[in-house]
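Only this structure's heavy atoms are used, side chains among them; waters, hydrogens and symmetry mates stay out.
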Amino acid sequence: MDIDLIDETDFPNYSKSTGKRPAFVPVDDAHPFDLEAYISTYTGKTVVYRLIHIISICPTLAPQAFQLAVQHILQGRDPNLYQSLIIAYDTTAKTLPDAELPPHTDLAVIDQQWIDETNTKNQAERSKLEVELKTYTSNMIKESIRMAHRDLGNFYRSVGDYSSSLKHYTKSREFCTSSQHIVDMCMSVLELLLEQRNYAHIATYVFKADATLPPDAQQVAKAKAAAERERVQTKLDVATALSHLAQGAYEKAAQSFLKAGPIKNLEEWATKIVAPGDIAIYATLSALATFSRSAIKSNLLDNDSFGVYIEQEPYVRELVEAYMGNRFKTVLELLERYSTRHYIDLYLSTHVNNLVLEIQSRALVLYFQPFASIKMDRMSQAFGWTPEFLEQQVVHLIQKGEIHARVDRQNRILKAKVVDQRAELFSRAVKSGADIQSTNRKLLLRMRLQQSDLIVKPPKNQNQNQNHIDFLGDGH
């Protein structure tokens with residue numbers, strides 16, 4: 001396999017998405033991407049997880065990403081991340097044997113002394129926290145027990161033992177003495193689940209936290225409490241949106257992202273979980289793939305509060321405005337140009353092709369709507385596609401029933417199906433008359449049966465309030 005495989009020309013055209021994610025994505029003049037600027041917006045373990053993902057999908061950046069990941073691992077307390085990093089790098093190197101990726105030992109090495117010292121410190125910290133928990137449990141101090149479980153949950157999360165972390169977070173629920181404690185527990189669990197990318201239980205803890213928050217009516221005279229509710233609600237909306245996105249429910253994901261409050265309400269989530277610029281991209285692509293044009297204008301373009309998120313990624317507004325202005329070639333060019341940025345995203349990567357296919361389909365439908373017929377060559381120029389590829393896409397949409405037209409291959413024209421409105425109206429009127437006639441006959445039959453006392457009454461031992469069961473035979 002040649003190293004040329006990671007050149008732009010060997011990648012599937014992003015604007016001609018086939019529904020499959022490319023094995024590797026390019027970084028070049030046509031697909032610019034600044035790794036250091038991108039990764040500098042994050043902190044904590046998400047930095048390492050994102051760099052590992054980049055190594056697995058972008059060999060061009062693999063050596064640089066490996067070195068950055070090692071630097072961040074040294075700042076943490078989870079030596080197991082180093083093993084995961086090495087596996088990801090070596091797997092990419094084996095997939096491209098001729099790519100001449102340098103061995104990981106030539107890039108950066110974590111010495112065994114650091115690993116041993118970190119493991120020793122982790123063991124000492126765990127023993128200390130477990131002793132504190134036992135002491136508080138024997139003294140039956142609820143608040144201290146809750147905090148001990150919380151601290152153990154934080155510790156296990158920092159060392160990568162997510163199952164133990166979740167166990168202690170949920171155990172602390174038994175010792176919560178206020179609604180704020182319950183909300184804090186739910187937020188800790190949500191952070192853990194998002195870090196794991198375990199979306200199955202997110203809705204459960206979002207519901208628990210939301211149910212614990214006081215209703216808005218009780219917060220009118222309490223500005224501080226109202227601000228706290230808004231802060232928590234923003235995080236709950238983002239968690240819900242990420243869960244919907246992971247499940248492929250793009251319309252629900254867009255709605256939840258667009259409800260997110262000010263960026264300041266994200267607090268540490270803006271660097272530890274998902275950056276504001278990421279939210280702008282997720283919401284925009286999901287909205288373009290599922291929303292009507294009027295919904296995009298009202299919920300996205302005219303949404304002042306969400307405009308602050310869009311400012312984090314300037315090309316996003318350009319993308320939306322091009323779509324709203326029917327400049328679909330520009331839309332597809334922008335999606336192609338920033339395809340690497342989308343694919344290297346930890347949460348978006350597996351959904352990029354599905355979203356682009358939906359955007360393509362909606363763009364084709366919107367473009368053809370005003371026409372009774374249009375030349376395929378003109379349409380292909382508007383999208384920057386070859387006539388052959390355009391024909392494939394149009395035929396696919398016709399088969400799905402999204403475009404009501406037929407393709408004239410001889411003259412290379414797409415013609416809308418002509419509907420005889422008068423005949424269709426007459427057909428509906430005849431059908432409505434037949435339905436009314438059938439209903440009237442049934443009512444007359446029922447009345448005649450009742451007049452003739454041809455009914456079956458329920459036994460006396462049954463509920464006397466039951467309705468009588470009419471017996472309709474085969475008679476006239």
Donor-acceptor pair, distance only, cut-off 3.5 Å: does the side chain of [X] make one with the backbone of [Y]?
X	Y	answer
Thr92	Pro59	no
Asp210	Val206	no
Arg362	Phe291	yes
Thr170	Lys167	yes
Ser256	Ala253	no
Ser165	Tyr162	no
Tyr347	Leu194	yes
Ser286	Ala254	no
Asp278	Ala275	yes
Thr271	Tyr42	no

Indicate yes or no: at least one non-hydrogen side-chain atom of [X] is less than 4.5 angstrom from one of [Y].
X	Y	answer
Phe207	Cys186	no
Asn119	Pro79	yes
Met185	His149	no
Asn198	Leu166	no
Arg317	Leu301	yes
Leu242	Tyr282	yes
Leu332	Glu336	no
Glu402	Leu364	no

Which heavy atom in [X] sits nearest to a heavy atom in [Y], and how many Å separate them?
X	Y	answer
Thr234	Pro262	CG2-O, 4.2 Å
His168	Leu152	CE1-CD1, 3.5 Å
Ala108	Phe66	O-CE2, 3.8 Å
Ala283	Phe306	CB-CZ, 3.3 Å
Val407	Val394	CG2-CG1, 4.0 Å
Val316	Ala280	CG1-O, 4.1 Å

* Chi angles and distances behind the salt bridge (Lys or Arg N to Asp or Glu O under 4.0 Å) call for Lys94, Asp90 -> CA-CA 6 Å; Lys94 289 176 183 177; Asp90 289 348; over 6 Å; no
Could you tell me whether [X] atom [atom1] has more than 12 heavy atoms of other residues or ligands within 6.0 Å of it?
X	atom1	value
Asp29	CG	no
Phe426	CZ	no
Arg378	CZ	no

* To do: Name all residues meeting the salt bridge (charged side-chain N to carboxylate O under 4.0 Å, His left out) criterion together with Asp302; count only those two or more places apart in sequence or in a different chain, and write none if there are none.
  => Lys297
* To do: Start with the C-alpha distance between Leu85 and Ile55, add both sets of side-chain angles, then the distance that settles side-chain contact (heavy atoms from CB on, under 4.5 Å), and finish with yes or no.
  => CA-CA 9 Å; Leu85 177 65; Ile55 289 170; 3.4 Å; yes
Can you measure from [atom1] ([X]) to [atom2] ([Y]) and round to the nearest 0.5 angstrom?
X	Y	atom1	atom2	value
Ile374	Met379	CD1	CE	6.0 Å
Leu101	Asp106	CG	CG	11.5 Å
Thr212	Ile182	OG1	CD1	4.5 Å
Arg77	Asn122	CZ	CG	5.0 Å
Ile279	Trp269	CD1	CH2	9.5 Å
Ile273	Lys45	CD1	NZ	12.0 Å

Residues [X] and [Y]: side-chain donor-acceptor under 3.5 angstrom:
X	Y	answer
Tyr49	Glu195	no
Asp28	His31	yes
Tyr315	Arg337	no
Asp237	Gln233	yes
Ser243	Gln247	yes
Gln180	Asp184	yes

* May I ask you to check whether Phe383 and Tyr367 place their ring centres under 6.0 Å from each other? => yes
* Structure fact -> Of Ile54, Ile57, Val25, Asp345, the one forming a side chain to side chain contact (heavy atoms under 4.5 Å, CB included) with Thr340 is Val25
Going by salt bridge (charged side-chain N to carboxylate O under 4.0 Å, His left out), name the pairs with one or both residues in [range], residues two or more places apart or in two chains.
range	answer
residues 382-392	Glu391-Arg409, Glu391-Arg412
residues 321-330	none
residues 196-208	none
residues 252-273	Glu191-Lys272, Arg231-Glu267, Lys235-Glu267, Lys235-Glu268

* **Steps toward side-chain contact (heavy atoms from CB on, under 4.5 Å) verdict (Leu236, Met187)** => CA-CA 8 Å; Leu236 295 181; Met187 300 309 294; 3.9 Å; yes
* **CA sep, side-chain torsions, deciding dist, call: Glu125, Val159, side-chain contact (heavy atoms from CB on, under 4.5 Å)** => CA-CA 11 Å; Glu125 180 71 11; Val159 300; over 6 Å; no
* To do: Please lay out, stage by stage, how His351 and Tyr250 fare under the test ring pair (Phe, Tyr, Trp, His ring centres under 6.0 Å).
  => CA-CA 9 Å; His351 304 281; Tyr250 302 129; 5.7 Å; yes
* To do: Would you check, one step at a time, whether the test side-chain contact (heavy atoms from CB on, under 4.5 Å) holds for Leu190 with Ile202?
  => CA-CA 6 Å; Leu190 286 173; Ile202 285 179; 3.9 Å; yes
* Structure fact -> Across all chains, not counting sequence neighbours, the ring pair (Phe, Tyr, Trp, His ring centres under 6.0 Å) partners of Tyr323 are Phe328
